[in-house]
Amino acid sequence: MNIRQKFIILLLLIGVLPMLAVSTIAYISIRDSLLNKTLDQLNSTAIKQEQKVSNFLQTRQEEVTKLANQYDLQVALHDYLTSPSDAHKADLAAILQNKKIETSIIQSIFLTDTSGSLLASSSLNTASSTKLEAPASGSETSISVRSDPADGFTKLYITANVSVNRERAALLGVVFRTDDLIAIMQDYTGLDQTGETVVASKDDVSLFPLRFDTNASLHVSLADLNMKKLVGDRYGEETDYRGNQVLVVAHSVGLSDWIVGVKIDQNEALQATVALRNVLISITMIVFIAIILVALFAAQLFTRPITKLVRVAQRIGHGDLSVKADLHRSDEFGSLATSIDTMGHDLQNLVGSIESQRLRLQVILDSTTEAIFAIDERANIILANKAVEGLIQVGPETLTGKNMNEIFAWKHGLQDFTVNYDVDSVHTYSNLQYVDSTGTQRYVKLIVARIKDETNAGKAHAIVTIHDETSSHELENMKTDFVSMAAHELRTPLTAVRGYLEMVQYKQEHNDPTDVDSYVRQALKNVSDLGGLINNLLDITRIERGTLTLSMEKVDMTASVKQIVSDQQFSAQDRQLSLSYHGPDSGGYVVGDPIALREIVNNLLANAIKYTKPGGKIDVSFAQAGDVYKISVKDTGIGIPASGMKHLFSKFYRVHGGLDSGSTGTGLGLYIARQMAERHQGTLTVESEEGVGSDFVLTLPIYSDALMASLRPGPDAQN
Ligand code: ADP
């Protein structure tokens, strides 16, 4: 039941119950007083009716007594008793007939002897079996009512003793018509439409017809009206022979065992209260409806803010923190709304800060180069960051639910190795290896750290961080290779220089000038190579430290390239290679450091010569492509395998193995060349096919004053 329904019920209880109580009490008291008034009326009518019946009976008794004492009857009886003869009997009958004719309300008169045998009658058809009831001793008459066997009607019998010589000699019976009695009782003043008087004997025989239905008197018994039990009581509510509720007042009639009952239909008597009851019911209904309407309105008034607050709280619960109650009221609802609004605002701030922390964490996680996994206690992955993709070539989103042991088959050295992901605190594993999906051997450091958060039950159990050390491992290898290679690269020209100088010394000691020039030139060339190598090493250091200074000027790149090709012609011929230049003689101006630019092209050409087998061909070309110049060094050499392309421009990287493979070099040339090209806002790229040849392409922007201004002073010039 919601608050509105409760409110309505409360108002109904407060409003309708007292009203119902007051109405009921008023109704009952009005009904009672009306009932009492009606019963009083019935009572006074009953008294009057009883009086009338008593008077009637008394008069009839007096008449019968008077009749029994009449002289002529007593004489005729005396005569008959003295000499019973038909003549005397006829006299008696004649007297009785006369008496009957004198009194119109007498139906018949008859005379019996003391043993009950009929002596004479006013009419011939009087049943001979009629047994008269002798008056009780001390009383002059007896009254009875019985059905006349001759016609079946109920009739009133009054009997008196007839004395002869003061001795009871016979019984005189007089039969009266009851119509007269009914006639005198038919005064219904004050009894309205349904009121009537009933006279009955105490032995439940109804004596006189009812007001409206004369036949009914034959069927109604006293039990129907319970009048017998009501005698002496003033009041009764009973059901009559029609099944109607009636009000009855009953009185005993003196001189007889009769009862006079006066009754009226209860509905009629209480008609006024029915109207009153209807009015009260109508008023109650109206009040009931009015209260419901008022209650609805009031409930709406009170519950609207509550409903609104509930809705706001629900929306906050569903995450809509921007919702506001905005109840501008000065009551408790107002304070509650303000509290909810403040709570929503605080929650919004809190959620905002949690969200920004989460985003920051996400950014940190995604920007870190280390692969990070959150795992549960069975080493199943719950979360992984972006860096994971670099490690296992699978997006982090596809890893959720997978097991770490399925993904990584660890090795330590040459042995298989099992990582324990269920650690108590932090455990670090160094120098682990595995082979990734591209077949590359990876070297990693792995850290398993337990999350000690009791509230985290069932969630992340540990964080696994994998640091990919493959490149530094490779770098380390490359450095080791480099050191032996550099030592070799330094020693080779030095040995050559020393050899040539010793030859020169020998020639001088023997005064033999032949070939001395050639020896000196060879020595100088080797010194120059040595210088180049040392320059490379210095360039690397400067590039790494950011101290490489370039002095930018306008350079005729065409002339420079052409010159380099001509300078290297000798080396190419030495290696039985054909080297040719394709392009203009001059005029291709760029902004750059002439020494650095020369170094780039020199390097590319030296590599082409170095990595092309005798009989091969090298084409150097110079051309304009849009707003850049393209310088291409294309050879028909050994080419570069696809796996080597990725690292080609990394420092110390050499495709063709270490010193023991027979190939020499430091793996620095291309790295420096690309760095230099980029410092000139140019590019250095390569296309190559193993066994077919390579095409290294250097692009440099065409000279302009603006370019000059942007490149000079170079950022390193200040260093
Ligand atoms: P290096 O001193 O070893 O030549 P570079 O940086 O100049 O060092 O070159 C790196 C590697 O690239 C070389 O070791 C070589 O394997 C490969 N390389 C460079 N130029 C060519 C080329 N024209 N043809 C084939 N391989 C080349």
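Both counts, for ligands and for their atoms, begin at 1 and track the order of listing. Along the sequence shown, the residues carry numbers beginning at 1. Values below: every heavy atom of this structure, side chains too, minus hydrogens, waters and symmetry copies.
- Close approach of ligand 1 to G639 is summarised as follows: ligand atoms under 4.0 Å from at least one heavy atom of the residue are 25 (C).
- Residue R442 is tested with D436, I392, L432 for a side-chain contact (heavy atoms from CB on, under 4.5 Å); the sole match is D436.
- Contacts of S437 classified as side-chain hydrogen bond (donor to acceptor under 3.5 Å, both in side chains), with partners at least two apart in sequence or in another chain: Q393.
- The closest non-hydrogen atom to atom 3 (O) of ligand 1, taken over R654, K610, K634, K651, comes from R654.
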In residues 574-586, what donor-acceptor pairs under 3.5 Å come from side-chain atoms, sequence neighbours left out?
| from | atom 1 | to | atom 2 | distance (Å) |
| --- | --- | --- | --- | --- |
| R575 | NE | I609 | O | 3.2 |
| R575 | NH2 | I609 | O | 3.3 |
| R575 | NH2 | K610 | O | 3.2 |
| R575 | NH2 | T612 | O | 2.7 |
| S580 | OG | H582 | NE2 | 3.4 |
| S580 | OG | D619 | OD1 | 2.9 |
| Y581 | OH | P584 | O | 2.6 |
| H582 | NE2 | D619 | OD1 | 2.8 |
| D585 | OD1 | K562 | NZ | 3.3 |

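- With a heavy-atom cut-off of 4.0 Å, T612 does not touch ligand 1 at all.
- For ligand 1, the atoms sitting less than 4.0 Å from at least one non-hydrogen atom of I640 are 25 (C), 26 (N), numbered in the order shown with element in parentheses.
- Atoms of ligand 1 found under 4.0 Å from any heavy atom of L648 (numbered from 1 in listed order, with element): 12 (O).
- Under a 4.0 Å N-O distance rule, the pair K617/D635 does not qualify as a salt bridge.
- Side-chain atoms of N603 and E599 form no donor-acceptor pair, as typed in the model, at a separation below 3.5 Å.
- By the criterion of a heavy-atom distance under 4.0 Å, both the backbone and the side chain of L670 are placed next to ligand 1.
- Contact analysis leaves G637 out of contact with ligand 1, as no non-hydrogen atom separation drops below 4.0 angstrom.
- For atom 11 (C) of ligand 1, the nearest non-hydrogen atom from the set Y671, F696, Y653 belongs to Y653.
- Using cut-offs of 30° and 60° on the angle between ring planes, the pair Y443 and H473 is parallel.
- Contacts between L668 and ligand 1 below 4.0 angstrom, taking non-hydrogen atoms only, involve the backbone exclusively.
- Side-chain contact of Q568 with N602: a donor-acceptor pair under 3.5 Å is present, judged by distance alone.
- Within ligand 1, the atoms closer than 4.0 Å to a non-hydrogen atom of G667 are 1 (P), 2 (O), 3 (O), 6 (O), 8 (O), numbered from 1 in the order shown.
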